[in-house]
Amino acid sequence: MSDASSQPASLPDNDLARMAALVEELNRHIYNYHVLDAPTIPDAEYDRMFRELQELESMHPTRVSPDTPTSRVGAAPIPEFKQVTHAVPMLSLNNGFQIEDVDNFDRRVREGLDLHQNAREVAYAAELKFDGLAMSLRYENGVFVQAATRGDGYTGEDVTANIRTVRVIPLRLHGPDIPDVLEVRGEVLMFKDDFAKLNARQREAGQKEFANPRNAAAGSLRQLDARITAQRKLRFFAYGIGLLEGAEMPESHSGVLDWFDRLGLPVSKERAVVTGRDGLLGYYKDIGARRDSLPYEIDGVVYKVDRLADQRQLGFVSRAPRFALAHKFPAEEALTVVQAIDVQVGRTGAITPVARLVPVSVGGVTVTNATLHNEDEVRRKDVRVGDTVIVRRAGDVIPEVMAVVLERRPVPQPPVYELPKTCPVCGSHVVREEGEAIARCSGGLSCAAQRKEAIRHFAGRRMMDIEGLGDRYIDSLVECNLIHGVADLYKLTQADLLDMKRLADEREGVTPETVRQGKVPTKWADNLLGAIAASKQPPLERLLFALGIRHVGESTAKTLADWLGSLALVRRAPAALLRVLPDIGGTVAESIAEFFAEEKNQRAIDALLATGVAPRGEHVPKAQLREKLDEVALLAALDIPKLTEPRARQLLAGRTLDDLAHLRVFSVFGLPDTIVGALEGWMAQPGNRDILANLSALRRELLEALPEEAAAPEGGLAGKTFVLTGTLPTMSRDAAGALIEAAGGKVSGSVSKKTSYVVAGAEAGSKLEKAGALGVTVLDETGLLALLAELNEKQE
DNA sequence: TATCCTCGAGTTCA
DNA sequence: CTCGAGGATA
């Protein structure tokens with residue numbers, strides 16, 4: 001009766017034939033598009049046919065085909081889900097986490113099959129264990145009739161209307177050998193990128209975000225309104241047969257999956273048939289390595305004895321099959337409880353809330369802390385002390401509190417988290433600037449935490465690089481009052497260090513081996529003193545970076561060192577001069593000038609120099625600074641209200657900065673009144689005339705000191721930007737970066753269209769992906785070296 | 001003015 | 001590695 005096209009032709013029968021043809025064709029296109037990922041017709045054409053079918057169906061409502069794609073848009077809401085009893089129960093598998101679990105599994109299988117004295121290895125079907133929801137789909141005579149969740153394994157919920165909206169699930173099976181009844185077992189899940197898009201939509205709509213793809217899939221499936229489910233992109237992979245009637249059962253599990261594929265049911269391409277315990281472990285390892293790059297989340301792999309006859313022979317122990325094992329990866333996500341929310345004080349005084357967690361294993365490591373970033377973040381996630389939270393340690397290494405499990409919040413509810421109003425270390429006020437996300441301790445260097453962090457930063461590898469001066473000792477030195485500022489580091493004596501170490505050990509209750517033997521660790525102290533002394537001549541940019549000026553990192557420090565050449569000049573450079581340097585704007589220039597305007601900072605630097613610290617490689621300012629010392633640019637850089645560059649030019653026509661500094665009346669230049677007003681206001685402020693005069697004087701002084709003509713800066717890699725990622729086989733990223741910079745290239749941290757090359761080593765992550773997406777050339781270490789070698793040849 | 005690109009700063013664990 | 005925010009640019 002479903003074959004309407006064989007009916008004699010009359011007007012409605014023509015319609016019926018057309019309907020059947022449309023159903024058939026649209027279903028084929030859905031399969032091509034969603035399962036094969038290879039669309040064969042344009043979307044517009046699909047939409048046209050879809051609308052035509054809808055129209056025909058509305059004219060013949062009684063003749064609508066059971067597998068019509070129009071049913072996929074979602075049925076009207078239902079009051080509740082009906083219960084469904086599974087004809088064959090949906091059992092769970094035994095789990096294994098360790099290699100020995102796999103050994104035991106293989107051994108028991110061999111014993112069960114009487115193979116244990118035999119050399120023959122067992123063939124296993126290995127597949128992914130998707131992190132989704134188990135589902136049973138029932139097909140009668142090839143037509144999809146019912147879908148049920150796993151439930152308790154014996155009874156589940158009828159989610160037919162929702163599953164109908166999942167495009168990858170065929171409403172009619174393909175091919176000639178259609179069984180009378182087929183119950184397909186498989187997993188419904190959401191791909192990672194669809195999940196990200198869904199969450200972005202939820203966020204925009206002000207709706208609750210889902211914690212992970214699994215929850216998103218579950219939430220979508222539990223919609224009583226299937227029209228909502230239809231808007232969520234769910235997927236399905238089939239992995240087994242629940243019930244089969246009226247067709248021959250294939251001989252092996254891999255045969256079942258191949259048959260599914262022919263029936264048009266989606267099966268994962270990652271499936272494999274392997275032999276023996278080594279084959280299983282090889283598969284596990286291979287999938288584990290590629291886990292992050294798979295488009296969906298998996299929580300392990302599944303092994304099944306491939307021959308179904310063997311499976312029957314092995315049978316079940318209690319409720320789990322003896323022929324299958326789920327080999328799970330260490331969980332990347334775990335539930336744990338927030339014991340407390342503390343705050344940390346950073347180098348810049350940034351107050352960062354940190355969740356102290358009941359230790360839990362995530363992705364194979366034990367997590368006890370997780371940053372909550374800032375006040376807004378805590379508020380947004382509404383994390384409270386005592387909450388049960390989902391902790392994740394995904395692609396990156398750093399654990400993150402994903403979401404709170406609200407159902408498990410203690411009763412009575414703990415209070416909403418409030419950031420402390422005063423610094424927990426020094427008691428100074430905590431202030432949060434308007435428009436900033438971060439709250440800061442206002443104590444500055446009088447706050448012990450900030451002092452410690454400042455010293456830690458100073459001693460760091462990319463700054464002064466004092467080896468052996470770790471957190472533990474810095475804490476101790478500050479607490480023993482041996483160090484107040486960084487200069488004190490260079491005044492330490494062996495006796496100081498020994499005192500300090502004794503205290504540090506005592507406080508932590510440890511007795512090092514050397515001490516127990518009655519020795520004094522003088523060797524250790526001498527080594528550390530040596531490391532401190534060895535740091536006395538850093539390149540200027542490192543010293544500048546080490547000072548810990550706000551907004552001055554590695555890159556800005558290098559700009560300052562390259563352009564200005566000496567610490568002396570940086571120390572007295574006014575903001576306007578800094579501002580004309582590349583990549584330095586108003587905020588950064590002000591921050592630097594303010595730092596050096598602080599008398600205590602200047603004294604600290606003098607003290608440092610007095611101990612013998614002397615930057616290496618100081619030089620006269622860069623020749624190109626001449627072009628930057630344009631009077632108009634400098635005047636505009638002064639940040640006088642409303643004085644834009646064209647106005648500055650107008651103002652300076654036929655005049656010098658010096659002239660301006662002494663001018664009394666500004667209304668004579670034909671400038672608009674508002675600007676004249678602003679200018680007069682600025683000039684009236686005490687000190688501003690001096691700023692102008694000093695700037696002009698410094699300019700003249702610099703122009704005299706500058707070399708006349710610059711050597712052509714044409715390095716071989718000039719203008720090329722590199723991004724380094726992953727672990728290179730023979731050199732560190734820093735070393736590779738130094739080579740690139742020596743050749744005139746630039747090394748940057750993030751990939752964009754402007755990146756010339758990405759140099760990727762082992763375990764390269766998102767940067768490599770992005771390079772691929774943007775079509776940026778990717779080199780390995782050999783490629784980079786080849787490029788550099790080629791350049792050298794050209795130069796010779 | 002909006003958008004894109006970089007830089008700075010903070011972070012976890014073995 | 002990721003976020004926020006500063007700087008450059010169309």
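Within every chain, numbering begins at 1; the chains are lettered A, B, ... in the order of the sequence lines, protein sequences first and strands thereafter. Predicted model only: the values in this text are computed from it and were never measured.
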task = Could you check whether A/I438 gets within reach of a base, just the sugar-phosphate, or nothing at all, counting any heavy atom under 4.0 Å?
result = nothing
message = Tell me whether A/E631 is salt-bridged to A/R699, with the criterion being a basic N under 4.0 Å from an acidic carboxylate O.
response = yes
inquiry  = I want to verify a distance call: between C/dC1, C/dG6, B/dC7, whose nearest atom is closest to the A/S555 side chain?
reply    = B/dC7
note = Closest of C/dG4, B/dC5, B/dG10 to the A/A350 side chain is B/dG10
request  = Give a yes/no answer on whether the side chain of A/T556 brings an N or O atom under 4.0 Å of OP1 or OP2 in B/dC7.
outcome  = no
ask   = B/dA9 phosphate, OP1 or OP2: any side-chain N/O from A/R347 under 4.0 angstrom?
value = yes
request  = Would you mind reading off the distance between A/R380 atom CZ and C/dC3 atom C1', rounded to a whole angstrom?
outcome  = 11 Å
ask   = According to a strict under-4.0 Å criterion, is A/T371 in side-chain N/O contact with OP1 or OP2 of B/dT12?
value = no
ask   = Is there a donor-acceptor pair under 3.5 Å between the side chain of A/S428 and the backbone N or O of A/C423?
value = no
remark   = Separation of C/dG7 atom C1' from A/K628 atom NZ, nearest Å, is 13 Å
task = Starting from C1' on B/dG8, measure out to CG on A/L547 and report it in whole angstrom.
result = 16 Å
task = Salt-bridge test for A/R380 and A/D376: reply yes if a basic N is under 4.0 Å from a carboxylate O, no otherwise.
result = no
inquiry  = For A/E436, is there any backbone N or O sitting under 3.5 Å from a side-chain donor or acceptor partner on A/R432?
reply    = yes
ask   = Should A/S748 be listed as having a side-chain N or O under 4.0 Å from OP1 or OP2 of B/dC7?
value = yes
inquiry  = Any side-chain N or O of A/T587 below 4.0 angstrom from OP1/OP2 of C/dG7?
reply    = yes
request  = Measure from CD on A/E433 to C1' on C/dA5 and round the result to the nearest Å.
outcome  = 14 Å
ask   = Between C/dA8, C/dA5, B/dT12, which one does the side chain of A/D583 approach most closely?
value = C/dA8
inquiry  = From CG of A/D471 over to C1' of B/dG10, roughly how many Å is that when rounded to an integer?
reply    = 14 Å
query = Whole-Å distance between B/dT11 C1' and A/Q344 CD?
reply = 8 Å
request  = Just call it for A/S752: base, sugar-phosphate, or nothing, with non-hydrogen atoms closer than 4.0 Å on any strand.
outcome  = sugar-phosphate
Most 5' of A/T368 and A/G346 on DNA chain B, judged by nearest nucleotide = A/G346
query = OP1 or OP2 of B/dC7 less than 4.0 angstrom from a side-chain nitrogen or oxygen of A/S750, does that happen here?
reply = no
message = Check this for me: does any side-chain nitrogen of one of A/D630 and A/R649 sit under 4.0 Å from a carboxylate oxygen of the other?
response = no
Nearest-Å distance for atom pair CG/P, residues A/N369 and B/dA14 = 11 Å
key: Gap between atoms CG and P, on A/D342 and B/dT12 respectively (whole Å)   = 11 Å
query = Would one find a side-chain N or O of A/T348 under 4.0 angstrom from OP1 or OP2 of B/dG8?
reply = no
Where at least one partner belongs to residues 572-582 of chain A, residue pairs that pass salt bridge (Lys or Arg N to Asp or Glu O under 4.0 Å), sequence neighbours excluded = A/R572-A/E701, A/R579-A/D639
ask   = How is A/K746 classified with respect to the nucleic acid when contacts are heavy atoms under 4.0 Å: base, sugar-phosphate, or nothing?
value = sugar-phosphate
